Amino acid sequence: MRAAISGWGTAVPDQRLTNADLERRVDTSDQWIVERTGIRERRIAREGESTATLAIEAGAAAIKHAGLTPDAIDLLIIATATSEQLIPHTGAFVGDGLGVRCGSFDLNAGCAGFVYELVTGSSLLTAGNLDHVLIIGAETLSRVTDPNDRGTCILFGDGAAAMVLSAAPEDGPGLLAWDLGCDGSAAGLLEIPAGGSRRPTSAETVANGEHYLKMAGPEVFRRAVRIVVESATTTLERAGVSVADVQWFAPHQANVRIIDAAGNRLGIPAERTLVNIDRYGNTSAASIPLVLAEAADAGRLADGDLVLLSGFGAGLTWGSALLRWGRA
Ligand code: ACO
């Protein structure tokens, strides 16, 4: 038995934040942002919207798309770095909103979160003989981004995307190979310093802005390209396929220059690389399922296509997965 995708759904806030809007807030320009990142606009959650509301909308759409009702879901996993609250986990709110009572947990692997939950969900489905596992990548990075830090506020956006994993035959579509990793010695390159056990929230941490995301952008950039190439290559080796066999590359949407550099080194041309960063920016754990769902909805992915997913993020984590496309 193998786990394959049987349905998908997405949810993004309707509120757009354009580069022109950012020009009015911080010392930046549309030209700089487009040239250095490829981003033109991102979606920002309104009051009343949150990681859980976006996840519920995406999850409900995915369940419907799979032709199921919520009671058919055996396990719910939410990949997020921007949880609804510290306690309880985001899955509690999402499960309640979806009307499911199955087990649920959150998984925080930064922007590699979707690949991590794809691997985890697929493995639990096959190990536990489950019928359907719902995996959701959902983020509201706008809630942890310093609106006045031009090094980060131009990059991040909010959104969610969900996939239902269902049992498929061993020779059918689904997850073929994967690679996960984390170099925790680089944790300080991308972090929210306060608000956790090590440095609880206080008037001082808030005054210092330590509840906001801090990132050493250029260093993360340098490592990201190398990590994506190594991890993607390892995954292809494990599957016993060459890069020429891969029809689609679905990378984490962090920066178009990282995507281009990784694609070049891997030998995957731009026309086989899925990109939507121009419209959503970096939505962390939501970015890979969002770009994948969009491509699937546009009819770009054919049954049998090999799709290579690769993400990296806070940790620094990384994760790659090779999927044979096709609905379970
Ligand atoms: N507008 C105008 N100028 C800017 C801006 C801006 N928004 N931001 C920085 N600059 C300036 C800098 O001050 C610097 O000026 P200087 O040369 O006078 O000192 C110059 O532009 C170059 O700055 P760099 O930071 O070196 O620019 P870089 O080309 O590295 O781009 C960026 C910065 C976009 C942040 C890039 O480093 C990047 O994308 N890094 C990776 C981000 C990432 O992938 N994060 C991981 C995932 S996130 C997660 O897991 C939640």
Side-chain angles (χ1 to χ4, degrees), residues 17-42 51 79-83 106-117 137-160 180-184 186-193 195 211-229 231 251-263 275 277-278 280-288 290-291 309-319:
L17 180 69
T18 65
N19 292 351
D21 296 329
L22 286 165
E23 281 177 349
R24 287 189 283 275
R25 189 200 292 166
V26 292
D27 181 17
T28 191
S29 67
D30 173 58
Q31 189 191 356
W32 192 96
I33 299 172
V34 172
E35 281 178 9
R36 307 303 288 177
T37 73
I39 303 168
R40 294 182 185 277
E41 63 177 34
R42 342 72 201 115
T51 295
T80 185
T82 48
S83 54
D106 290 8
L107 190 161
N108 183 350
C111 304
F114 180 74
V115 176
Y116 268 74
E117 67 176 347
E139 303 279 10
T140 44
L141 285 153
S142 66
R143 299 275 153 84
V144 297
T145 303
D146 181 347
N148 298 312
D149 174 10
R150 69 176 183 173
T152 52
C153 74
I154 59 158
L155 295 173
F156 299 112
D158 303 335
L180 302 179
C182 176
D183 176 5
L189 293 180
L190 182 45
E191 62 171 349
I192 297 176
H211 54 301
Y212 287 134
L213 189 84
K214 315 283 180 200
M215 182 175 69
E219 185 54 29
V220 173
F221 188 109
R222 269 189 291 280
R223 290 170 184 245
V225 176
R226 184 167 42 82
I227 285 169
V228 166
V229 172
S231 177
H252 169 46
Q253 311 283 305
N255 186 317
V256 80
R257 289 187 295 134
I258 296 176
I259 295 172
D260 289 347
V275 177
I277 191 173
D278 50 318
Y280 300 116
N282 180 348
T283 57
S284 195
S287 104
I288 291 177
L290 205 51
V291 84
L309 324 184
S310 197
F312 63 91
L316 295 179
T317 56
W318 59 88

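When a ligand or atom number is given, it counts from 1 through the structure's own listing order. In this text, all values refer to a predicted model and were calculated from it rather than measured experimentally.
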[X] side chain to [Y] main-chain N or O, any donor-acceptor pair under 3.5 Å?
| X | Y | result |
| --- | --- | --- |
| Thr140 | Ser142 | no |
| Asn108 | Gly110 | yes |
| Glu139 | Thr283 | no |
| Thr152 | Thr145 | no |

Could you check ligand 1 for N or O atoms lying under 3.5 Å from protein N or O atoms and list the pairs with distances?
residue, atom, partner, partner atom, Å
ligand 1, 1 (N), Thr28, OG1, 2.6
ligand 1, 3 (N), Trp32, NE1, 3.4
ligand 1, 3 (N), Arg150, NH1, 3.4
ligand 1, 7 (N), Thr28, OG1, 3.2
ligand 1, 7 (N), Arg150, O, 3.0
ligand 1, 13 (O), Arg150, NH2, 2.8
ligand 1, 21 (O), Trp32, NE1, 3.4
ligand 1, 29 (O), Arg36, NE, 3.1
ligand 1, 29 (O), Arg36, NH2, 2.6
ligand 1, 29 (O), Arg257, NH2, 2.8
ligand 1, 37 (O), Gly217, O, 3.2
ligand 1, 37 (O), Pro218, N, 3.4
ligand 1, 39 (O), Asn255, ND2, 2.7
ligand 1, 40 (N), Gly217, O, 3.0
ligand 1, 50 (O), Ala314, N, 3.1

Exercise for review: Decide yes or no for Glu23 and Thr18: does some side-chain heavy atom of the first lie under 4.5 Å from some side-chain heavy atom of the second?
Suggested key: no
**Study point:** Side-chain touch Ile154/Ile39, heavy atoms, less than 4.5 angstrom
**Key:** no
